[in-house]
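First the structure, in the form of structure tokens, and then the observations on it.
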Amino acid sequence: MSATRSTANDSTRAFPPDFLWGAATAAYQIEGAADVDGRGPSIWDTFCRQPGAVLNGDNGDVACDHYHRVDEDLDLLDQLGVGTYRFSVAWPRIQPTGRGRANQRGLDFYRRLVDGLRDRGIEPTVTLYHWDLPQPLEDDGGWRVRDTAERFAQYVELVASALGDGVGRWITLNEPWCSSWLGYGSGEHAPGLRDIGAAAAANHHLLLAHGLAVPILRAAVPSAKVGITLNLGDHQAGSTHPLDVAAARRADGNLNRLFLDPIFHGRYPDDMLEHYAAVEPGFAVVRDGDLERISLPLDFLGVNYYFPSTVVDSSRAAQARVAGYVVARSEQFPDLHVRSLETPGRDKTAMDWEIQATGLTSLLVRIRDEYTPLPIYITENGAAFDDYVDPNGAVVDQNRITYLQEHISAVHDAIDVGVNVRGYFVWSLLDNFEWSFGYSRRFGIVWVDFPTGTRLPKASYAWYRETIRTNAVEYATSVGSA
Ligand code: IFM
């Protein structure tokens, strides 16, 4: 038994004394106040207005109205007992057109939030970009063009110089894979393009934006801890057939290695460069010196993990069915020639995402072994379920508690084998706007009644508060790992 397992009783596992517990949100998903105090339109405001882009035609105009309920939400965080709160700054509040001087009223909102956190003894963890690109920049090419990375650097300078005295932990980008591959490749996210060459270029320009932001943050806030948050996965092949093994490698290349390799090894993976060699402009946008910038030293890596992934080569869908898998009807990216599988008997969330916490442990071990010994924060983890307010006026979300318990336990497993995990942020503090799923998927540990904005802490909120208070989690090693 490792030192960190020395707990009060055999069924609980203690975390290191300085382990940081947090909760996470993002601007567009909770703030609302879309045209208040000078905020400009973002690509998500535009995307939400495209017929059929977002379920039920939902949009973020009001969302959780966090902009006007910020004190109430700060109190919810305070009562939860978190040591840190991860929120994102909306670029269109700071630069309504994506260029030029800062909009003071936008900065004032985040100053109030930062001060409110610090007054309550909660460390702010700020994400600078969580997908809400100012629309005028998209009109000029968005992440397909290099200039957007330069514009991002200027925006970061404005935010860092205004809030730097109150913020010690900075995340440049949230999940650049989603911004590039879902935004420009599959069209599931704003701006809704289906152009693989554009997605590859966006992949690079987002990473360049990150690389340009790092020295700016360090200059503006010398004591800052700077990192990036990636959504990473643990891909398994549906069989040992070489075609399926190769398919899993391609899926891994697209989601994981196209980001981890340049950031930590200073180069794009050869197999992926080869795969995307024929698309335009693709990775031909890479210029001399870019990879040196992208691989500048960081202070931590943020990891978002939600679900495992099992895949086969598309040509082997029939064999996968015979083996008992449920095979996805279509390919997310036809060029990858990969089909996702569902493993029979595995529980799923309301997103239809399979639950398998052991994938998180394997992923963390792999990051340590193949990429970096840096501190890791789990900057997002959580689950959507079909919650409801019961006749007693409570939301008893036992399935979410089980999910969180399994995944926090999986984090502990990683710490046990020496992975440098320093903190965990639950996604999410509040039910919120779940992108193309609108308000139909609830990830919060606090229920939000969207018509009125009323907040109601769920059973998982009380459970997480107790986890934070005791700095320990109940044992859950093999649950959800069928
Ligand atoms: O809601 C999102 C978040 O904005 C980014 N990571 C995944 C979450 C759940 O889909």
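Index from 1, following the sequence. Quick caveat: nothing in here was measured; it's all calculated off a predicted structure. All ligand and atom numbering here is 1-based and tracks the order in the structure.
- At least one test fails for Arg455 against the ring of Tyr461: distance under 6.0 Å to the centre or angle within 45° of the axis.
- Residue-level contacts of ligand 1 at the 4.0 Å heavy-atom threshold are Gln29, His130, Trp131, Asn174, Glu175, Tyr306, Trp353, Glu380, Trp427, Glu434, Trp435, Phe443.
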Under the side-chain hydrogen bond (donor to acceptor under 3.5 Å, both in side chains) rule, what do Thr125 and Thr84 come out as? Steps first, then yes or no, please. CA-CA 7 Å; Thr125 296; Thr84 182; 2.7 Å; yes
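- Partner Trp143 forms a ring-ring contact (aromatic ring centres under 6.0 Å, His included) with one of Trp177, Tyr184, Tyr129 and no other, that one being Tyr129.
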Run the numbers on Tyr67 and Asp37 for side-chain hydrogen bond (donor to acceptor under 3.5 Å, both in side chains), then give the verdict. CA-CA 10 Å; Tyr67 197 83; Asp37 289 341; 2.7 Å; yes
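- Under the side-chain hydrogen bond (donor to acceptor under 3.5 Å, both in side chains) criterion, Ser186 pairs with Glu188, not counting sequence neighbours.
- Using a 4.0 Å cut-off between charged side-chain N and carboxylate O, Asp75 and Arg120 make a salt bridge.
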